[in-house]
Amino acid sequence: MLSRPPVPSVSTFAARPDWDVFCRVIDNFGDIGVCWRLARQLAGDFALHVRLWVDDFDSFRLLCPELDPGLSIQVLQGVEIHCWETCFTPVVPARVVVEGFACHLPETFVEHMAHLSPRPVWINLDYLSAEEWVSGCHLLPSPHPRLPLIKYFFFPGFAVDTGGLLRESTLRARRLQFTGSAELRSAWWRELGSTAPPASALLVSVFGYDNPALGDLLRAWEISERPICCLMPLSRPLPVLDAFAGRSLGSGDIIRRGSLEVRVLPFVEQDRYDCLLWLCDLNFVRGEDSFVRAQWAARPLVWHIYPQQAAAHLTKLDAFLAIYCAQLPQASSVVLRDFWHAWNAGRIEAMAWGKLVAALPQLREHALRWDAELSLQEDLLGRLVRFSCSRL
Ligand code: TRH
């Protein structure tokens, strides 16, 4: 692994930080996953003093085990982390303020922003979508109804006229170093308390929402011609998996049935999750952040999109498939689309798995090309820092 930059302690920092990032954990891990990644990159790639406000340390600690829940202020990986208490203690706002996913900043903090000169740049970091409207809404200003403040809507996306995707500068080098080093790979397995499966096995990672289609898949894998090793990091029990195993499973458990071996893993630290994606032949991912990281892994992926009311998520799913499959040969494109739709609909036919496996070599090539082309674009923080500087 490339070494991390030296970590400053709380006292090293000047009183007023460069950036404030606010994160409220609504559910799951996407909100904190994105905000933690963004804060780390601001500190690591841009050498900025970042203050990260998080309201739920229990969720945060799962992807950052070094977090001490007993400390309301601590510095980790160069980021000054604050517990966002219900009763907010007033502080001088930073020069740039990021509101993660419209998480609603404390009123006193917003009032304080309005009284500063120059006033901080206020950004609402929104959710990722491949839909066309994103280009039109990216960077739209929204004046505060009462105060002399403007909030800008920053939309991540896949097109050059959107906010782009989070991608730290060392990501590709770290991936190549890891995938090219047998020593690093075996250390990764060892630290998990596991060993690499035989090279003949297809290595698959699964991170998704509760989904009856997982049962279909596990049954198809059981009778697969090729051995399948499935890695499943869990933050909470998964009923479908428990039903398949006939008992309740926890981290460290292994199920072996026919050609299938399922290894239940602990929820791993965020950088280690990247390694898992880099190792696998196929990654099932979900939400937003793991979905993006699976694309940077340059491996075939299956996306379980976060379900929304009135099936709004399906439009989002199709918008992504349209751009992702544009350069993919027709036959593989049909297989991939059908499989993603079936996975999101909660039902996988046995035939569908066979077709996906047959398409894997082509999907692998495509994933490499997709990663290479998308990496040519400026990453999200490059765009965000540039925009903020233009407004300061
Ligand atoms: O957890 P998610 O489903 O998160 C979200 C939230 O539900 C959010 O409210 C919703 O709007 C959004 O999806 C679309 O999936 P996501 O985004 O992939 O976040 C998971 C994070 O957890 C990501 O940063 C990767 C990290 N992770 C680990 O650090 N270790 C692990 O073992 C695993 C499986 C994931």
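Any value given below was found using the heavy atoms of this structure, including those in side chains, with hydrogens, waters and symmetry copies removed. Indexing begins at 1, ligand by ligand and atom by atom, following the structure's order.
The aromatic rings of F109 and W53 stand perpendicular to each other, their planes meeting at an angle above 60°, with 30° marking the opposite boundary.
With sequence neighbours left out, F158 forms a ring-ring contact (aromatic ring centres under 6.0 Å, His included) with F320.
The existence of a salt bridge linking R40 and E168 is excluded, since no basic side-chain nitrogen approaches an acidic carboxylate oxygen closer than 4.0 Å.
For W133 and F155, the gap between ring centers is short of 6.0 Å.
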Run the side-chain donor-acceptor check on residues 331-339: report pairs under 3.5 Å with partners two or more places apart or on a different chain.
unit_1	atom_1	unit_2	atom_2	d
S332	OG	Q362	OE1	2.3
S333	OG	R337	NE	3.3

Give the table of side-chain donor-acceptor pairs shorter than 3.5 Å for residues 211-218, with sequence neighbours excluded, one pair per line with atom names and distance.
unit_1	atom_1	unit_2	atom_2	d
N211	OD1	A213	N	3.0
N211	ND2	W343	O	2.9
D216	OD1	R219	NH2	3.1
D216	OD2	R347	NH1	3.4
D216	OD2	I348	N	2.9

Quick one: ligand 1 N/O to protein N/O pairs below 3.5 Å?
unit_1	atom_1	unit_2	atom_2	d
ligand 1	1 (O)	F29	N	2.9
ligand 1	1 (O)	R286	NE	3.4
ligand 1	1 (O)	R286	NH2	3.0
ligand 1	3 (O)	Y209	OH	2.5
ligand 1	3 (O)	R286	NE	2.9
ligand 1	4 (O)	G30	N	2.7
ligand 1	7 (O)	D27	OD1	3.0
ligand 1	7 (O)	N28	ND2	2.9
ligand 1	9 (O)	D27	OD1	2.6
ligand 1	9 (O)	D31	OD2	3.4
ligand 1	17 (O)	E288	N	2.8
ligand 1	17 (O)	D289	N	2.8
ligand 1	18 (O)	R286	O	3.1
ligand 1	18 (O)	S290	N	2.8
ligand 1	18 (O)	S290	OG	2.6
ligand 1	19 (O)	G30	N	3.4
ligand 1	24 (O)	Q270	NE2	3.0
ligand 1	24 (O)	D289	OD2	2.5
ligand 1	29 (O)	V268	O	3.2
ligand 1	30 (N)	V268	O	2.6
ligand 1	32 (O)	V268	N	2.9

